[in-house]
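All ligand and atom numbering here is 1-based and tracks the order in the structure. For this chain, numbers begin at 1 and follow the sequence in order.
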Amino acid sequence: MTFDRQDHEFMARAIQLARKGLYTTDPNPRVGCVLVNKGEIVGEGWHRKAGEPHAERIAIADAGEKARGATAYVTLEPCCHHGKTPPCTEGLLEAGVSRVIAAMQDPNPLVAGKGLAMLAEQGVATASGLLQSDAQKLNPGFIKRMKTGLPWVRCKLAMSLDGHTAMASGESVWITGEDARRDVQRLRARSSAVVTGIGTVLADDPSLNVRLSPEDLPGVETPDYFRQPWRVVLDSSLRIPEDAKLLSLPGPVCLIHSHGDQDKAARLASRGIHLQQMPDGVDLPLVMKFLAEREINEVLIEAGPTLAGAAMQAGLIDELIIYMAPHLMGHNARGLFHLSGLEKMADRIDLKIQDIRSVGKDFRITAAPAGE
Ligand code: AOF
Ligand code: ZN
């Protein structure tokens, strides 16, 4: 099937709708759907929250009788399995939709091509791949988790124009301006988990929570749709102070440790804090695998140079988000990463810059390891 200009426009609208679920669908993917009959949009929908109806069913309800004979533009292949909700393929067939165009296949092994195949078997015209790369950008974490068993990992860093992140003393808070800090809040809000190291907790006592009001989070229509990301601290010997700020704020907390005081562990657990023991040591690839098993799609690492460097050298980082503030911190200040074994120019880690934009008085650089 070839796609014409109208097809592109309707799918672009479906992608726009899917984006409304940016902060709320977790651990499900963000999905949008548009139903078109005789060249006119007759129904629209997007998935809001796991357990609630999928995009297709909302669009079908919106269209009513006009769904009969319509074309459905969906940003993800319709599901054909019974999850928390019934299969969308059945909904589309019952509504009499005659054509289904998906932007991409569902990477969920329970679906993975079977949804479209089932519709085709029932005489529905199907196609996939329209605006695929835009649709993929909606759900980097869901796609990576389904395909590899690992989450999508972003690492957020803030630096001065001369590439430093903290003064020699360790003093580092508020490198960037107000707008960049709000931007980080939105990054946290879309993430399933925010991960840090015990060094950062001991040095800065960070909150690592989302403090935006619902008006700042498009799509968070009711307080019920709002969720705090998991706050995850890598703390091998359980050194975290029991009065650390992040332990007492609303939202789930997980401490990953390998050893440490058992009484302290029991006291923390009795406060509803999740403790995960990794007896052979807090190994980063294992941590990421553990998080994906708990349906964590997108991880945001907000940590110091040790953890950021280790994650980079372990090949776990998919995306670097670096805020660059317009000041100089001098040669005694600390760098962004501890990277060992880089001696020669040939040892450099190559990056690909994907985006640079100004955010208030700062710049935001998005980069990925080259070759990804
Ligand atoms: C769709 N449309 O809007 C979404 C889909 O537990 P459930 O029933 O919500 O199913 C979740 C799975 O359904 C999820 O893993 C993904 O494969 C698919 N998500 N599919 O047809 C939607 N959100
Ligand atoms: Zn579905």
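- Contact between P78 and ligand 1 is present, with at least one heavy atom of the residue lying under 4.0 Å from the ligand.
- The pair K49-E52 fails the salt-bridge criterion, with no side-chain N (NZ, NE, NH1 or NH2) lying under 4.0 Å from an Asp/Glu carboxylate O.
- Where the criterion is an N or O separation shorter than 3.5 Å, residue side chain and backbone included, F142 fails it with respect to ligand 1.
- Among the atoms of C79, an N, O or S atom falls under 2.8 Å from the Zn ion (ligand 2).
- Counting protein heavy atoms only, atom 23 (N) of ligand 1 is closest to H47 CD2, 3.3 Å.
- Proximity of C88 to ligand 1, defined as any heavy-atom pair under 4.0 Å, is confined to the side chain (atoms from C-beta onward).
- The atom name of the N/O/S atom in H54 closest to the Zn ion (ligand 2) is ND1.
- Scanning the protein heavy atoms around atom 2 (N) of ligand 1, the nearest turns out to be E56 OE1, 2.8 Å.
- Heavy atoms of N108 found under 4.0 angstrom from ligand 1 belong exclusively to the side chain.
- No more than 12 heavy atoms of other residues, nucleotides or ligands sit less than 6.0 Å from atom NZ of K147.
- Contact annotation: W46 has no heavy atom less than 4.0 Å from any atom of ligand 1.
- For H81, the closest heavy-atom approach to ligand 1 falls below 4.0 Å.
- When non-hydrogen atoms are compared, ligand 1 lies under 4.0 Å from the backbone of P29 as well as from its side chain.
- The shortest heavy-atom distance from H82 to ligand 1 is not under 4.0 Å.
- Using cut-offs of 30° and 60° for the angle between ring planes, the H274 and F290 rings count as parallel.
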